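What follows is a short report on a single structure.
As the structure is a prediction and not an experimental result, all values here were calculated from the model. FYI, side chains are in, hydrogens and waters are out, and symmetry mates aren't considered; it's all heavy atoms of this structure.
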Amino acid sequence: MPLLTIHVQVGRTAQELGELLDAVHASVVEAFDVPPRDRYQIVHEHEASHLVVQDTGLGIERTRDVVVVQVTSRPRPQQQKQAFYRLLCEQLERHCGIGPTDVVVAITENTDDDWSFGLGRAQFLTGELS
């Protein structure tokens with residue numbers, strides 16, 4: 001946890017997607033201080049006509065490399081979220097050549113009773129996880 005849903009345009013190779021997922025994960029581990037095996041990622045590939053990502057009037061130019069990252073997580077402090085935004089842009093640019101103008105993030109917070117990691121239990125509530 002957190003659960004990451006990553007939206008991209010169709011056309012990346014398996015290696016490129018792997019590098020992208022690794023970069024996203026490295027950012028989550030560092031910013032949110034989660035264990036390395038706390039990795040839950042889903043990739044959705046969209047035709048260009050099915051992925052419309054504008055700029056909310058900010059004048060940000062997007063390319064076909066645009067990446068939208070949806071994060072579902074327990075509540076996080078503001079400084080962790082801001083660190084994640086910065087680290088994510090740095091990692092994606094360094095490892096994938098994706099510029100910061102092509103990175104969009106939305107974080108949705110939930111609570112401990114909203115998570116089950118298997119076995120029919122809510123591990124945050126049972127004390128198996130903290």
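With D114 contributing its side chain and T111 its backbone, the two residues share a donor-acceptor pair below 3.5 Å. At distances below 3.5 Å, at least one donor-acceptor pair connects side-chain atoms of Q41 with backbone N or O atoms of L21. Side-chain atoms of D55 come within 3.5 Å of backbone N or O of G59 as a donor-acceptor pair. Using a distance-only test at 3.5 Å, with no hydrogens or angles considered, no donor-acceptor pair links the side chain of E16 to the main chain of C96.
At a threshold of 4.0 Å, the pair R12-E19 does not count as salt-bridged, since none of the basic side-chain nitrogens sits closer than that to a carboxylate oxygen. Salt-bridge formation is not detected for the pair D33/R76: no Lys NZ or Arg NE/NH1/NH2 atom is positioned less than 4.0 Å from an Asp or Glu carboxylate oxygen.
Considering CD of E93 and CG of D65, their distance stands at 11.0 Å, rounded to 0.5 Å. Within the model, atoms CG of L88 and NE2 of H25 stand 13.0 Å from one another, a figure rounded to the nearest 0.5 Å. Atom CD of Q82 sits about 7.5 Å away from atom OH of Y85, to the nearest 0.5 Å. Considering NE2 of H50 and CD of E45, their distance stands at 14.0 Å, rounded to 0.5 Å. Between the CH2 atom in W115 and the OG1 atom in T72 there is a gap of 6.0 Å [rounded to 0.5 Å]. Separation of atoms OG (S116) and CG (L125) is listed at 10.0 Å; rounding is to 0.5 Å.
Residues F32 and I107 share a closest heavy-atom pair of CZ-CD1, 4.5 Å. Nearest heavy-atom pair, P75 versus N110, reported as atom, atom and distance to 0.1 Å: CD-O, 3.0 Å. Considering all non-hydrogen atoms of both residues, Q91 and A23 come closest at CB-O, 3.7 Å.
R74 forms a cation-pi arrangement with F124, by the criterion of a distance under 6.0 Å to the ring centre and an angle within 45° of the ring axis.
Note on L87 and V34: separate hydrophobic clusters, where clusters join Ile, Leu, Val, Met, Phe, Trp and Tyr whose side-chain heavy atoms are under 4.5 Å apart, directly or indirectly. By the rule that hydrophobic residues join a cluster once side-chain heavy atoms approach within less than 4.5 Å of another member, V43 and L4 end up as members of one cluster. In this structure, V104 is not a member of the same hydrophobic cluster as L17, with clusters built from ILVMFWY side-chain heavy atoms closer than 4.5 Å.
The 12-atom threshold is exceeded at CD of Q9, counting heavy atoms of other residues, nucleotides or ligands nearer than 6.0 Å. For E61, the CD atom sits in a loose shell: 12 or fewer heavy atoms of surrounding residues, nucleotides or ligands are nearer than 6.0 Å.
Of the listed residues (V105, V53, I98), just one forms a side-chain contact (heavy atoms from CB on, under 4.5 Å) with V67, and that residue is I98. Put simply, the residue from I60, T63, L58 that forms a side-chain contact (heavy atoms from CB on, under 4.5 Å) with T101 is I60.
No side-chain heavy atom of E90 sits under 4.5 Å from any side-chain heavy atom of H95. Counting only heavy atoms from C-beta outward, the side chains of V52 and Q54 approach each other to under 4.5 Å. The side-chain heavy atoms of L51 and V66, taken from C-beta on, include a pair separated by under 4.5 Å. Inter-residue side-chain proximity for P2 and Y40 is flagged as unmet; no heavy-atom pair is nearer than 4.5 Å. Residues I42 and I6 fail the side-chain proximity criterion, which asks for heavy atoms closer than 4.5 Å.
Using a 3.5 Å distance cut-off with no hydrogens or angles, the side chains of H7 and Q70 do pair a donor with an acceptor. Side-chain contact of T126 with E128: a donor-acceptor pair under 3.5 Å is present, judged by distance alone.
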* **Stepwise side chain to side chain contact (heavy atoms under 4.5 Å, CB included) check, V68 with H46** => CA-CA 11 Å; V68 178; H46 306 273; over 6 Å; no
